[in-house]
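Below is one structure, written out as structure tokens, with a few remarks after it.
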Amino acid sequence: MTQKPTWEITFEKYDQDKSGSIDTHEFQALCFDLGFALSKDELVLAMKRLDLDGSGKVDKEEFKVWWQSSDRWEQLKLDQSDLYARKVCAELFNNYDVRRTGNIQGNDLRRLYDDLKSSGILKKTMTYEKFIKEADKEVNGKVNFREYVDWVLKQKKSMVPSKSTKKGRKDCLHSGCSSCPIQ
């Protein structure tokens, strides 16, 4: 008899309601039991990172991808600057994920690119095609939240500076809002 892989045993243990997915409370219990106490903000961001289809829960395949990742726990360890950067990324992402699917595609993706370009966040040499090639790692014509955060954090010219940055630029993506963290 073949033994189930560890990821599947773990998933089934923490899918307490046997729904076929792990909700926020179940994921929090899993992390805590394995020695990772996540703050409320860290938990929200961890769930958003793992939940690739935007369902609000982590299904078996999403869990498998995360569990089999060699840096799965490092993905959840966030210092204050990482936490802040991811929160800002989530806010920007949500501005363009108007249908709340966990993905940006089509015209919404093009609008995100155009706004990043016109605000000076993207280098002038960054074409839309290059942006898509770098950000759309699954090559499916859309960028999910995980792909977006990974892409943002890899950029040499950071979209998300430290908290000590000047606020309220006139070319702000948030129309010059006073709380804009983008310098």
Side-chain angles (χ1 to χ4, degrees), residues 1-79 81-106 108-109 112-113 116 129-155 158-160:
M1 184 172 177
T2 307
Q3 184 177 355
K4 290 181 181 180
T6 304
W7 72 264
E8 191 170 3
I9 294 168
T10 305
F11 180 89
E12 290 173 358
K13 177 180 178 182
Y14 288 95
D15 177 17
Q16 296 170 348
D17 60 3
K18 305 301 178 211
S19 65
S21 60
I22 293 179
D23 65 25
T24 302
H25 298 292
E26 292 166 335
F27 188 71
Q28 185 176 33
L30 178 153
C31 291
F32 185 79
D33 288 352
L34 296 176
F36 291 89
L38 301 178
S39 71
K40 183 179 175 183
D41 287 341
E42 289 170 328
L43 181 61
V44 167
L45 290 169
M47 286 296 291
K48 190 158 181 89
R49 182 168 176 78
L50 273 63
D51 176 23
L52 299 178
D53 65 5
S55 67
K57 297 180 179 186
V58 178
D59 65 33
K60 205 169 197 176
E61 188 59 32
E62 292 166 335
F63 184 83
K64 178 183 175 183
V65 168
W66 172 73
W67 187 265
Q68 291 180 331
S69 171
S70 63
D71 67 343
R72 67 181 170 265
W73 296 110
E74 285 77 27
Q75 293 176 26
L76 302 181
K77 290 183 194 175
L78 302 173
D79 63 22
S81 66
D82 286 341
L83 183 58
Y84 180 71
R86 289 173 189 269
K87 283 176 78 170
V88 172
C89 287
E91 290 171 10
L92 291 173
F93 186 88
N94 285 334
N95 286 338
Y96 297 94
D97 181 17
V98 294
R99 292 176 287 288
R100 298 297 182 255
T101 62
N103 297 291
I104 303 174
Q105 60 188 348
D108 295 328
L109 190 54
L112 171 62
Y113 166 81
L116 293 173
E129 292 73 25
K130 185 176 179 184
F131 167 69
I132 295 300
K133 184 177 181 181
E134 289 181 8
D136 181 13
K137 292 299 182 189
E138 293 179 9
V139 193
N140 58 5
K142 53 189 172 184
V143 175
N144 66 43
F145 182 72
R146 176 195 273 166
E147 291 172 324
Y148 174 73
V149 170
D150 289 346
W151 177 81
V152 166
L153 296 178
K154 287 179 185 175
Q155 297 307 295
S158 176
M159 288 176 61
V160 187

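Computed over heavy atoms, backbone and side chain alike; hydrogens, waters and symmetry mates excluded.
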### Query
Do the ring planes of F93 and Y148 sit parallel (below 30°), tilted (30 to 60°) or perpendicular (above 60°)?
tilted
### Query
Minimum heavy-atom separation for F11 to V58, with atom names?
CE1-O, 3.7 Å
#### Entry: Whether E62 side chain and S21 backbone form a donor-acceptor pair below 3.5 Å
no
### Task
Say whether, by atom type as modelled, one donor and one acceptor occur between the side chain of E147 and the main chain of E138 under 3.5 angstrom.
yes
#### Entry: Under 3.5 Å donor-acceptor, D51 side chain and G56 backbone
yes
### Message
Looking at every heavy atom in both K48 and N94, which two are closest together, and how far apart are they?
### Response
NZ-OD1, 3.3 Å
### Task
Classify the side-chain pair N103/Q105 by whether it contains a donor and acceptor separated by less than 3.5 Å.
no
### Task
Determine yes or no for a side-chain-to-main-chain donor-acceptor pair under 3.5 angstrom, with Q16 supplying the side chain and E26 the backbone.
no
### Query
Is any NZ, NE, NH1 or NH2 atom of the basic residue among R99 and D108 found under 4.0 Å from an Asp or Glu carboxylate oxygen of the other?
yes
### Gap between atom CG of L109 and atom CG of D97 - 0.5 Å precision
11.0 Å
### Query
Has K40 got more than 12 heavy atoms of other residues, nucleotides or ligands less than 6.0 Å from its NZ?
no
### Message
Consider side chain to side chain donor-acceptor pair (under 3.5 Å). Of K13, K60, Q3, K64, which one does E8 pass it with?
### Response
K60
### Query
Can you list the residues that meet the ring-ring contact (aromatic ring centres under 6.0 Å, His included) rule with W67, with sequence neighbours excluded?
F63
### Query
Are a donor atom and an acceptor atom from the side chains of D41 and S39 found within less than 3.5 Å of each other?
no
### Query
When you look at CD of E129, are more than 12 heavy atoms from neighbouring residues, nucleotides or ligands closer to it than 6.0 Å?
yes
### Task
Could you list the residues that satisfy ring-ring contact (aromatic ring centres under 6.0 Å, His included) with F131, not counting sequence neighbours?
Y113, W151
#### Entry: From OG (S69) to CH2 (W7), nearest 0.5 Å
14.5 Å
### Query
How close do L38 and A46 get, heavy atom to heavy atom, and via which atoms?
CD1-CB, 4.3 Å
#### Entry: Residues forming a side chain to side chain donor-acceptor pair (under 3.5 Å) with K4, sequence neighbours excluded
E12
### Message
Using 0.5 Å steps for rounding, measure from the CG atom of L30 to the CG atom of D15.
### Response
11.0 Å
#### Entry: I22 CD1 to D17 CG distance, which is reported to the nearest 0.5 Å
9.5 Å
